[in-house]
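What follows is one structure encoded as structure tokens, with my remarks underneath.
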Amino acid sequence: EPEVTQTPSHQVTQMGQEVILRCVPISNHLYFYWYRQILGQKVEFLVSFYNNEISEKSEIFDDQFSVERPDGSNFTLKIRSTKLEDSAMYFCASSQGRGQVAKLFFGSGTQLSVL
Amino acid sequence: QQQVKQSPQSLIVQKGGISIINCAYENTAFDYFPWYQQFPGKGPALLIAIRPDVSEKKEGRFTISFNKSAKQFSLHIMDSQPGDSATYFCAAGSGTYKYIFGTGTRLKVLA
């Protein structure tokens, strides 16, 4: 079964540093998403991306965050200046389309630790 | 209005028993209600989903019951197995896939 792949699986960084989390969505999917999960808490929506632009974002997704689809396969999340509270598991997801029959597929996540 | 409340926080069930997890939502604009299963170190995986035009959906041992008037939905796992031990999240969405997730239920099925 096709899957969403994320790299790296773990990322440790110093506060204030920039990080880029990478994702390869399922090849025929058109919609891409980032979610995050702080340890022991619920999964939270960050941003959705379609047709090379952000379609929706949450209040968590402030100016420190950006997303990009630099080529035909990768989808990245950049955190410009990391804060301690950015420590979380970040999940990339993709879906083939919108609407009630489309399914959201999640990757295995990148565990980001900000020291 | 955007919250999805999930209970219980944790659940222990004997092998062969029925596991029941409940969720309640507030926003009547939600029109898609998936359940996700998450094993440690893995991303959430879609288990089963329901639309509000039906009251029940069954796939194998997993059943979603949906009560539109009460704005509640629940997951029933029949004949629970140790391999079902995982964290289960309900979610609600309205076509944009900006899912609002519940807080999760950690299920442990005893052998």
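Residue numbers begin at 1 in each chain, while the letters A, B, ... track the order of the sequences. None of these values were measured; they are calculated from a predicted model.
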Relative to chain A, which of Ala45(B), Ala49(B), Gly102(B) shows the most heavy atom pairs under 4.5 Å? Gly102(B)

Might you confirm whether atom NZ of Lys83(A) has over 12 heavy atoms from other residues, nucleotides or ligands at distances under 6.0 Å? yes

At what distance, to the nearest 0.5 angstrom, does CD of Gln38(B) lie from CZ of Phe91(A)? 4.5 Å

Counting heavy atoms not belonging to Arg106(B), are there more than 12 under 6.0 Å from its CZ? no

Should the ring pair Tyr36(B) and Phe106(A) be called parallel, tilted or perpendicular, given that the plane angle runs from 0 to 90° and is split at 30 and 60? perpendicular

Counting neighbours of CG on Leu39(A) that are heavy atoms of other residues, nucleotides or ligands and sit closer than 6.0 Å, is the number greater than 12? no

Nearest 0.5 Å, what's the NZ-CD1 distance between Lys42(A) and Ile100(B)? 6.5 Å

Are Met89(A) and Val67(A) joined in one hydrophobic group, where the rule is that I, L, V, M, F, W and Y side chains link up if heavy atoms are under 4.5 Å apart? no

Please indicate whether Glu85(A) has more than 12 foreign heavy atoms, meaning atoms of other residues, nucleotides or ligands, lying under 6.0 Å from its CD. yes

Nearest-0.5 Å distance that lies between atom CZ in Phe105(A) and atom CG in Leu46(B): 7.0 Å

Report which part of Gln37(A) has an atom under 4.5 Å of a heavy atom belonging to chain B: side chain, backbone, both, or neither. side chain

Please check if the number of heavy atoms outside Asp71(A) that lie under 6.0 Å from its CG is greater than 12. yes

Side chain Tyr35(A), main chain Tyr99(B), donor-acceptor under 3.5 Å: yes

